[in-house]
Protein chains: 2
Amino acid sequence: MSLPAEGPTPLLVVDDDVKLCRLLRDYLEPLGYAVEAVHDGRSGLARALSGDHAAVILDLMLPGMNGLDVLRELRRESTLPVLMLTALGDEPDRIAGLELGADDYLPKTFSTRELLARLRAVLRRSAATRAAGGPEREAPVAVGGLWIDPGARSVTLDEKPLALTPVEFTLLLCLARSAGRVRSREQLLLEAADRDFESFDRSIDVHVSSLRKKLGDDAKEPRFIETVRGVGYRLRRPEAP
Amino acid sequence: MSLPAEGPTPLLVVDDDVKLCRLLRDYLEPLGYAVEAVHDGRSGLARALSGDHAAVILDLMLPGMNGLDVLRELRRESTLPVLMLTALGDEPDRIAGLELGADDYLPKTFSTRELLARLRAVLRRSAATRAAGGPEREAPVAVGGLWIDPGARSVTLDEKPLALTPVEFTLLLCLARSAGRVRSREQLLLEAADRDFESFDRSIDVHVSSLRKKLGDDAKEPRFIETVRGVGYRLRRPEAP
DNA sequence: GCCGGAAGGTAAAGGTTCGGTAAAGGTGGG
DNA sequence: CCCACCTTTACCGAACCTTTACCTTCCGGC
């Protein structure tokens, strides 16, 4: 990806609300961003694919081509960071958007602070992945009835979505990636919470406990997370006959 | 794994759609890959097992031998990276594929960019695990009908899993690693329980006793753990006629 | 062969450690 | 301030390790 090394950070805003677009421009340009605005889905997609921007702020309610369709098409070709604008309480769209590969969402009632925070977070993350070796797309992991998608940070169990907290998600992902092998509390804590372990730290146990509850798992006869006494935990790998 | 150090990266494509195979070859060869294509499952499996390739792109819909069967068979012998091709929205197959050990999936409507990105990701990951995780991992030990896996911290006896306590496990592992040689109670206690031995300490004897019980072993005519009077214990190595 | 002591086998008891989990406490973002 | 989340604390029960005790087996000496 080739972005100019200097100058303001170029952003694309796709929203049919012209007033909102102006608002965003007025707020963001003094802060070092260059805002290009388009007002329908089709041109939004075209501009987003041009490679001229560092990120897109994308409304989901659009005339012509729906925002979700724009996102889906965009994701066939590009890993450009996408921040989607959703009406308050529009949970289903939000989830659909994140599953299609949006990087974050922004309620339409956002505060300027919130906007800036999420925008920066999204840009930072994309810069980080780029620096770390390009658009490393992480493959989803499936084990037992679990489907874990690192990109969307979503989990389904027997086709049904689970609501996990960040630490729970990472913990589960970490266990799933080494399914069948034991992982120590040290490793888990480091990967899931980025923290060092010191004795009498029970937080992994607690996270495992609540994970099990959400998975409908029983600690004694677990379908998923097995305890390995004195060592750590292990995700069961289904028998392979 | 022995791949040529130089030249194009050799790929295997298994798909009955000859046109698609040609498409892949035309796209990938100029980018530094060598594409070998076969069009049915059975030859796909045979070629994949040859060790001649760096990765496989595997269609799941195949005449003769199903792609999932190919994958399952392949995974018995090989950790070769597999990218599977799935029809859009074919969630069940995707899940089955990943559970069988596919490394990623590619919707049949993939863009060339997407193909390349995922292919590179898969190759990079496999290179990484080979470089880092490979030699570091502790190798399982097999002796008699025993299979001891330090990574999983699991033991099977004649294919059936055994539930051992931490000390029992370490004790058995320790004995198995020096199968055929005697180990003193001192050594065993130190390795298995991290404790110093002082005279009249019987705890190793007790652990050996319960181990034998779990192994179905008889102290007098042992299949596994032999007593060496006045010295310690020894795990029998199966006769080598 | 018989005897005695040392070594080893093992069941059971005792005490400790470990892990599950509810609930309290703390923290940061909205 | 509220909410969601993570961590810490506390308590309990279960699993575990060691010790003890009582046998059996082994082996050298008689």
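Letters A, B, ... mirror the listed sequences (proteins, then strands); counts begin at 1.
- Using a cut-off of 4.0 Å between Lys/Arg side-chain N and Asp/Glu carboxylate O, D201(A) and R195(A) are scored as salt-bridged.
- For dA22(C), the OP1/OP2 oxygens have a side-chain nitrogen or oxygen of K213(A) closer than 4.0 Å.
- Across the protein-nucleic acid pair, L188(A) atom CG and dC6(D) atom P stand 15 Å apart, rounded to whole Å.
- D217(B) places its CG atom 17 Å from the P atom of dG8(C), with the value rounded to the nearest Å.
- Distances shorter than 4.0 Å separate none of the side-chain N or O atoms of R229(B) from OP1 or OP2 on dT25(D).
- Side chain of V206(B), nearest nucleotide from dA12(C), dT8(D), dC5(D): dA12(C).
- Contact check, K220(A) against dA15(D): a side-chain N or O comes under 4.0 Å of OP1 or OP2.
- Rounding to whole angstrom units, CD of residue E168(A) and C1' of dA4(D) are separated by 11 Å.
- Panel note: side chain R236(B), backbone G180(B); no donor-acceptor pair is recorded below 3.5 Å.
- Between the CD atom of E191(B) and the C1' atom of dC17(D) there is a distance of 18 Å, rounded to whole Å.
- Here T165(A) lies in heavy-atom contact (under 4.0 Å) with sugar-phosphate atoms only.
- Taking only side-chain nitrogens and oxygens, R185(A) comes nearer than 4.0 Å to OP1 or OP2 of dG19(C).
- One finds no side-chain N or O of H207(B) lying less than 4.0 angstrom from the OP1 or OP2 phosphate oxygen of dT10(C).
- Following rounding to the nearest Å, I225(B) (CD1) and dG9(C) (P) show an atom-to-atom distance of 10 Å.
- Within the 4.0 angstrom heavy-atom criterion, no nucleotide atom of any strand lies near V208(A).
- Without hydrogens or angle criteria, E29(A) side chain to V35(A) main chain gives a donor-acceptor distance under 3.5 Å.
- When atom types are taken as modelled, the side chain of D217(A) and the backbone of P222(A) share no donor-acceptor pair closer than 3.5 angstrom.
- In this structure, Y233(A) places its OH atom 4 Å from P of dG20(C), rounding to the nearest Å.
- At the phosphate of dG9(C), OP1 or OP2 sits under 4.0 Å from a side-chain N or O atom of T227(B).
- Salt bridge status for R223(A) with D158(A): present, with a side-chain N to carboxylate O gap under 4.0 Å.
- Counting atom types as modelled, R202(A) pairs a side-chain N or O with a base atom of dG20(C) as donor and acceptor under 3.5 Å.
- The distance from atom CZ of R195(A) to atom C1' of dC6(D) is 8 Å, rounded to the nearest whole Å.
- Here the P atom of nucleotide dG9(C) and the CG atom of D218(B) are 11 Å apart, to the nearest Å.
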